[in-house]
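Nothing here was measured: the structure is a model prediction, and the numbers come from that model.
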Amino acid sequence: MEITNVTEYDAIAKQKLPKMVYDYYASGAEDQWTLQENRNAFARILFRPRILIDVNKIDMATTVLGFKISMPIMVAPTAMQKMAHPDGEYATARAASAAGTIMTLSSWATSSVEEVASTGPGIRFFQLYVYKNRKVVEQLVRRAEKAGFKAIALTVDTPRLGRRESDIKNR
């Protein structure tokens with residue numbers, strides 16, 4: 001099947017993934033209000049047409065924290081990627097590098113910072129949750145730094161995890 005738009009990925013994922021895995025990736029917490037707001041926000045993004053302008057050489061490159069990337073798009077932290085495919089975060093790291101952009105590795109990844117670093121070159125950030133045990137946090141930061149990760153994406157919205165209804169239903 002040839003994918004012609006982004007929303008078709010959802011239908012393919014629903015068809016190929018086990019229900020519990022699909023539900024984990026496709027759902028949000030509580031009444032999924034934020035998930036719907038994110039979709040609404042993306043729907044409001046419009047491209048401004050450029051008519052009668054030479055578009056032979058388009059440069060979408062930009063910088064993030066001083067790192068040059070090919071386009072204003074980065075890979076956000078996505079947990080447990082190996083639930084969907086055996087290559088999981090390895091494939092994501094290689095794809096982000098090939099596309100010339102940044103991958104942010106999830107704290108809840110199914111691959112370690114060392115494993116992702118072993119996939120080859122690339123600009124990588126590490127998502128960090130601050131745990132009560134600060135020694136664990138310090139060790140995670142040091143491992144990410146040693147593995148060549150360039151920044152920490154600090155996640156602060158999880159002092160209490162959201163109630164994910166699909167996970168409750170799937171036990």
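Here side chain to side chain donor-acceptor pair (under 3.5 Å) pairs that include residues 65-81, with residues two or more places apart or in two chains, are Gln81-Thr92. The side chain to side chain donor-acceptor pair (under 3.5 Å) pairs that include a residue from residues 95-107 are Ser106-Gln127, where partners are two or more places apart or lie in different chains. Sorted by first and then second residue, the side chain to side chain donor-acceptor pair (under 3.5 Å) pairs involving residues 136-154 (not counting sequence neighbours) are Glu114-Arg143, Glu138-Arg142.
When hydrophobic clusters are built by joining Ile, Leu, Val, Met, Phe, Trp and Tyr residues whose side-chain heavy atoms come closer than 4.5 Å, directly or via intermediates, Val75 is grouped together with Val113. Linking ILVMFWY side-chain heavy atoms closer than 4.5 Å, directly or via other members, places Phe126 and Val136 in a single hydrophobic cluster.
Residues Leu105 and Phe125 have side chains not in contact (no heavy-atom distance under 4.5 Å, counting atoms from C-beta outward). Put simply, the side chain of Asp87 reaches to within 4.5 Å of the side chain of Arg94, judged on heavy atoms. Inter-residue side-chain proximity for Ile123 and Phe149 is flagged as unmet; no heavy-atom pair is nearer than 4.5 Å. In this structure, Val130 and Val156 have side chains that are not in contact, with every pair of non-hydrogen atoms separated by 4.5 Å or more.
A donor-acceptor pair under 3.5 Å is absent between the side-chain atoms of Asp31 and the main chain of Trp33, judged by distance alone. The main-chain N or O of Gly66 is never found under 3.5 Å from a side-chain atom of Thr63 such that the two would form a donor-acceptor pair.
The two atoms that bring Thr62 and Pro72 nearest to each other are CG2-CA, 3.9 Å, heavy atoms only. Between Gly28 and Leu35, the shortest heavy-atom distance links the atoms N-CD2, 3.9 Å. The shortest heavy-atom contact between Ser111 and Tyr90 is OG-CE2, 3.8 Å. The shortest non-hydrogen separation linking Val137 to Tyr131 is CG2-N, 3.3 Å. Summarising the geometry of Glu2 relative to Glu8, their closest heavy-atom pair is O-OE1, 3.7 Å, with the distance given to 0.1 Å. Taking both residues in full, the closest heavy atoms of Ile69 and Met74 are given as CD1-CG, 4.1 Å, listed atom of the first, atom of the second, then distance.
In the displayed structure, Leu52 atom CG is contacted under 6.0 Å by at most 12 heavy atoms of other residues, nucleotides or ligands.
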For this session: Check the pair Ser27 / Gln32 against side-chain hydrogen bond (donor to acceptor under 3.5 Å, both in side chains), numbers first and verdict last.
Result: CA-CA 7 Å; Ser27 67; Gln32 303 189 72; 4.9 Å; no
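Between the CH2 atom of Trp108 and the OG1 atom of Thr155 there is a distance of 9.5 Å, given to the nearest 0.5 Å. Taken from CZ in Arg39 to OG1 in Thr7, the straight-line distance is 10.0 Å, to the nearest 0.5 Å. Taking CD1 of Ile102 as the reference point, atom CD1 of Ile73 lies at 12.5 Å (rounded to 0.5 Å). In this structure, CG on Asn40 lies 6.0 Å from CZ on Arg44, to the nearest 0.5 angstrom.
For Ala93, the side-chain contact (heavy atoms from CB on, under 4.5 Å) partners are Met103, Val116, Thr119, Arg124, not counting sequence neighbours. Residues satisfying the side chain to side chain donor-acceptor pair (under 3.5 Å) criterion with Lys19, sequence neighbours excluded, are Asp23. In this view, Ala98 satisfies the side-chain contact (heavy atoms from CB on, under 4.5 Å) rule with no residue, not counting sequence neighbours.
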